[in-house]
Amino acid sequence: MQPSTSPRPLLAALQDRTEPVTVWGAGFIGLSAACALAQAGFPCTVLDTDEHRVGEINAGVVPLPGFEDVIPLAAARSGGRLRAASPDDTAAVAARVHLVCVNTDRAGRPVTGPLTTVLTAVGRARAGGETLVALESTVSLRWLDDLVPAALGAAPATDASLHLVAAPRRDWMLSPDMNLRTLPRVVGTARPESLPLARELYGAISEVVHPAPDWRHAGLTKPVENLYRYLDLVLTNQLAEAYPGLDVPEVLRLAGTKWNVPTFHPSIGIGGYCIPLSPRFAVDGTGHPGEETPLPLVAAAMAWDGDHPARVAESILRITDGPIGILGLSYAPNARIVEGSPAARVTEHLLARGADVLLHDPYFTPEEITALTGARPLRWPDDLSGLGTLVAATPHDLYADLPARLSALQDPPALVDNLGGYGAALRGTAVPYAEWGTPAARPSAAPRP
Ligand SMILES: NC(=O)c1ccc[n+]([C@@H]2O[C@H](COP(=O)([O-])OP(=O)(O)OC[C@H]3O[C@@H](n4cnc5c(N)ncnc54)[C@H](O)[C@@H]3O)[C@@H](O)[C@H]2O)c1
């Protein structure tokens with residue numbers, strides 16, 4: 001009797017963890033997924049167009065500075081089941097299981113190019129058998145309806161051999177405890193028959209999997225959950241503008257004592273990859289991205305938030321006398337993330353108004369600081385003494401002794417504290433202090449000429 005040549009059913013191969021998985025994109029999302037899958041037992045290839053990232057991963061180096069302790073690359077490689085390659089690796093492209101983790105934004109806007117390229121390659125390589133494609137990248141629902149079928153060259157609802165999955169990510173990448181395994185995973189499929197496969201795959205790496213009615217419901221979950229936070233944060237910043245004579249952080253602390261109200265703090269801007277992008281994905285997904293949007297509240301918040309850096313720059317200029325220093329380019333502490341940097345946006349407005357701006361961030365070289373923002377590099381801590389105003393944008397650990405350093409200066413700059421963390425240590429000192437959102441940070445003096 002001839003041995004059977006038909007491939008094993010995909011569900012069975014997922015159940016015993018023998019099915020090779022291809023992960024597209026070796027950023028935080030793709031590399032962490034690949035590591036988790038390899039640790040769960042799947043042979044895993046992560047593909048990236050960035051040859052440097054590919055080389056580093058194969059050398060055992062996490063190619064994302066600041067995330068060395070969060071991504072378990074060494075443990076994942078120790079089983080011999082993880083490798084990286086470029087997207088022309090024909091065996092990986094022809095795999096039956098694909099996780100798509102490429103970037104879907106650039107310069108603060110959703111983009112479709114990388115997703116289209118990957119899905120087109122997967123669609124071309126399909127040999128006719130079962131294929132599972134899971135979208136971990138953040139997507140607009142419009143893309144699920146139009147872009148994905150067109151790029152794959154398939155009809156998601158009727159192609160019985162195609163298992164399309166939306167499995168958005170919600171990690172808080174700076175916390176090792178809030179990761180793929182521990183955070184509940186929302187997963188939905190284009191056809192109900194694909195759900196057992198998606199549950200098998202994601203059940204292998206996540207403790208809790210929440211099945212959605214379908215992939216559209218799963219896909220929308222990601223923008224919506226971040227949209228709540230975005231609207232809260234815009235409202236927080238609006239309150240600080242609306243009540244310039246009040247200590248708004250104190251009002252918010254008091255409001256936060258109510259059982260169903262989180263405590264927010266006004267800030268110089270909303271940063272990062274996910275939250276500022278969420279309104280764009282949510283509005284686009286309605287299919288009415290223009291003035292006819294059925295999400296007018298979101299559109300109004302985006303418009304107001306777009307003007308926020310200019311307002312912040314204006315307030316800083318009212319306080320300042322002399323060069324302005326800014327501490328922190330990365331929006332999040334102790335990480336190198338330039339995307340959505342509020343400090344960069346405010347710097348742009350300060351420079352446009354003719355201000356002398358110096359910027360420091362321990363995660364960027366002086367050359368990078370100037371190339372990314374146009375500001376002069378600030379030498380930490382030597383340049384603190386020559387400043388008129390210092391904006392503490394991001395509380396990197398390196399700046400933990402900032403209050404002591406400023407207190408020791410003969411003529412310290414006024415400190416504008418974005419998140420209010422340095423106030424207690426400066427109480428009773430000669431350092432002029434303005435917590436963002438308080439009257440001290442919003443002087444009502446006539447605007448500078
Ligand atoms: N970083 C987060 O915390 C986070 C959280 C939730 C969701 N997301 C979403 O996940 C997705 C990926 O995020 P990220 O932070 O890992 O992005 P990233 O930009 O750090 O990484 C994306 C990688 O994809 C690679 N790439 C681009 N085109 C490619 C192609 N054609 N073939 C192979 N590789 C290609 C890029 O070179 C890059 O290394 C985005 O949609 C993002 O919105 C990110």
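Note that ligands are numbered from 1 as they come in the structure, with each ligand's atoms numbered from 1 the same way. Everything numeric in this text was worked out from a predicted model, so none of it was measured.
Of the charged side-chain nitrogens involved, at least one lies within less than 4.0 Å of a carboxylate oxygen, so that D171 and R169 count as a salt-bridged pair. Note on R216 versus D145: salt bridge recorded, some NZ/NE/NH1/NH2 to OD/OE distance being below 4.0 Å. With respect to the salt-bridge test (charged N to carboxylate O, under 4.0 angstrom), the residues E136 and K222 do not qualify. The residues R17 and E200 are annotated as salt-bridged, a charged nitrogen and a carboxylate oxygen being separated by less than 4.0 angstrom. Checked for salt-bridge contact, E348 and R345 miss the test: no charged N lies under 4.0 Å from a carboxylate O.
Considering both main-chain and side-chain atoms, D171 never comes within under 3.5 Å of ligand 1 through any nitrogen or oxygen pair. Taking any N or O of F28, backbone or side chain, at least one lies under 3.5 Å from an N or O belonging to ligand 1. Ligand 1 has a nitrogen or oxygen under 3.5 angstrom from a nitrogen or oxygen of D48. Of the polar atoms of T104, at least one N or O is found under 3.5 Å from an N or O of ligand 1, judged by distance alone.
Counting the atoms of ligand 1 from 1 in the order shown, those under 4.0 Å from a heavy atom of V118 are 30 (C), 31 (N), 32 (N). Using a 4.0 Å cut-off to heavy atoms of P114, the atoms of ligand 1 that qualify are 28 (N). Against a heavy-atom cut-off of under 4.0 Å, P87 is close to the following atoms of ligand 1: 32 (N), 33 (C). Near L47, meaning under 4.0 Å from one of its heavy atoms, ligand 1 places the atoms 33 (C), 34 (N). Close contacts of ligand 1 with D105, meaning ligand atoms under 4.0 Å from a residue heavy atom, involve 43 (O). The atoms of ligand 1 that sit less than 4.0 Å from any heavy atom of S137 are 10 (O), 11 (C), 41 (O). Ligand-side atoms of ligand 1 in range of K222: 5 (C), 6 (C), 7 (C), range being under 4.0 angstrom from any heavy atom.
Checking E314 against H349 by side-chain atom types alone, no donor-acceptor pair falls below 3.5 Å.
Of the candidates T138, T49, L277, V23, the one placing a heavy atom closest to atom 43 (O) of ligand 1 is T138.
Atom CZ of R405 has more than 12 neighbouring heavy atoms from other residues, nucleotides or ligands inside a 6.0 Å radius. Remark: R124 CZ is loosely packed, at most 12 non-hydrogen atoms of other residues, nucleotides or ligands lying under 6.0 Å away.
When hydrogens are left out, the protein atom nearest atom 24 (O) of ligand 1 is G25 CA, 3.4 Å; that is the closest non-hydrogen contact.
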